[in-house]
Protein chains: 2
Amino acid sequence: MSNKRHGTSGIEGSGVAYKIPLMSEAHPDRTDACLIALRRILRATEQYERSLAQAAGLTSAQLRVLQIVAARGQAGATPKALAMQMRVSQATVTALVDKLVARGMVTRFRSRTDGRQTDVVITPKGDETATSAPDALQQRFVRAFEGMRDWEQAQLVSSLERVAAMLDAERIDASPVLTIGEIKDDQPGA
Amino acid sequence: MSNKRHGTSGIEGSGVAYKIPLMSEAHPDRTDACLIALRRILRATEQYERSLAQAAGLTSAQLRVLQIVAARGQAGATPKALAMQMRVSQATVTALVDKLVARGMVTRFRSRTDGRQTDVVITPKGDETATSAPDALQQRFVRAFEGMRDWEQAQLVSSLERVAAMLDAERIDASPVLTIGEIKDDQPGA
DNA sequence: TGGCGTTTGTTCGACATGCTAACGAACCTA
DNA sequence: TAGGTTCGTTAGCATGTCGAACAAACGCCA
């Protein structure tokens, strides 16, 4: 009766996820399959982030800050830059940085060139944490990815980028760009 | 710090024009590109979910519950099933359902067959909300997807599924949060 | 029938993210 | 020097999420 197994709820349900007719024309199934795969990706990521953060003793938001700051090295990053990069408010950044400071992961320095600014700089401990924190998701992905054949890799890259473009198109307006590893120094003077 | 060797400052963010400098055997750039694309996908989704939820007057978590419940129709779903499907604790589900009940989106019925259980059933209003709530992310994606050529669609599907498989494979242990059994109980027979 | 362990859902208390609004300090410009 | 702007922080609020404790219902078993 009501226990007919949960699952078949469109996107959420994973019940449909596995067998899809790959070779057909104009299939709504195909769209579904994409959506479902996307959901799976999202969900897997979510979960990984959580467990990761747990393992590292930090929450994922904190870790994100830590990673950005770590990538900046001694230059540090201002709360404003962090906020822009992470797309959250400065208030949120303040809270996150507070926690990292409390844990000895980063330090705040008042900028000498501009008294309003604060440089959030990584500490040795923070750096170690950032580096050692195994981003399980990425590692898994990287491992699998590098085991693929060349053409498969190429295809995957283009597919993912395509999807990314489809999704975040025109959502990037006045914000500084993405990030993962790179951080652009945003001089508003530009 | 996603990647310590992310020295390629050319692949970031918005400008992602897919430029891969070197095409040797090892393609760290390619891996980076994938990860970055993935991040973009994640973030875009996050943001869309938020704005969506805002537009619909519901938060994304609530909407997720609503969608699942709506998909179950009159059968409803138990909090336990919801918790498993969403991978959150029952306590969380209770809180979410509370809010949906308060908004008249769903109703709780005590199960007649098992007094311990509760069936969360969608209301007409909830159903309308669930259906009308435009999942902006999906819509955007669907639109773009359906504008693609056939072979492109096929390729995208297989790429996404591949990634999904890479990410959520074998992750069902080792982590407190994701212990649930939802994944395996919809195995298609294998 | 009665008792005891188990399952299910809820309540409670604690934290984390994230926001907006208000505010003070520093800066810049006129 | 005055006024406006930028930056960071503080304060207050809403939400999600968890674990622990708990009550009710179930099931099994003697």
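Note on naming: letters A, B, ... go to the chains in the order of the sequence lines (proteins, then strands), and numbering restarts at 1 for each one.
Put simply, B/S89 has no side-chain N or O that comes within less than 4.0 Å of OP1 or OP2 on D/dT17. Side-chain nitrogen and oxygen atoms of A/T92 include none within less than 4.0 Å of the OP1 or OP2 phosphate oxygen of C/dG18. Taking only side-chain nitrogens and oxygens, B/T59 comes nearer than 4.0 Å to OP1 or OP2 of D/dG16. Between A/T94 and D/dT10 there is no side-chain N or O to OP1 or OP2 distance below 4.0 Å.
B/Q155 places no side-chain N or O within donor-acceptor distance of the main-chain N or O of B/E152, the cut-off being under 3.5 Å. For A/D114 (side chain) and A/R116 (main-chain N/O), a donor-acceptor pair under 3.5 Å exists by modelled atom type. Counting only distance, with no hydrogens or angles, the side chain of B/R110 and the backbone of B/G115 share a donor-acceptor pair below 3.5 Å.
In this structure, B/Q90 atom CD and C/dT8 atom C1' are separated by 6 Å, rounded to whole Å. Summarising the geometry, the separation between NZ on A/K99 and C1' on D/dT9 is reported as 14 Å, rounded to the nearest angstrom. Between A/L100 atom CG and D/dT9 atom P the separation is 12 Å, expressed in whole Å. Separating the CD atom of A/Q62 from the C1' atom of C/dC15 is a distance of 11 Å, rounded to the nearest angstrom. Between the CD atom of A/Q85 and the P atom of C/dG18 there is a distance of 14 Å, given to the nearest Å. Between the CD atom of A/Q117 and the P atom of D/dT5 there is a distance of 18 Å, rounded to whole Å. Whole-Å rounding puts the A/D98 CG to D/dT10 C1' distance at 10 Å. Protein atom NZ of B/K80 is 11 Å distant from nucleotide atom C1' of C/dT6, rounded to whole Å.
Residue A/R64 places its side chain closer to C/dG18 than to any other of C/dT10, D/dG8, C/dG18. Side-chain proximity of A/R116 to D/dT17, C/dA25, C/dG9: nearest is C/dA25. Distance from the side chain of A/R103 is smallest for C/dA16 among the nucleotides C/dT11, C/dC19, C/dA16.
Between A/E128 and A/K125 there is no salt bridge, since no side-chain N of the basic residue sits under 4.0 Å from a carboxylate O of the acidic one.
Mapping A/A91 and A/L96 onto DNA chain C by nearest heavy atom places A/L96 at the nucleotide closer to the 5' end.
When all heavy atoms of B/V69 and B/I122 are compared, the pair lying nearest together is CG1-N, 3.5 Å. B/L58 and B/L66 get closest at one heavy-atom pair: CD1-CD2, 3.7 Å.
In the region residues 105-115 of chain A, proximity to DNA chain C at under 4.0 angstrom, judged on heavy atoms, holds for A/D114, A/G115.
For the atom pair CD of A/Q67 and OG1 of A/T129, the computed distance is 11.0 Å after rounding to the nearest 0.5 Å.
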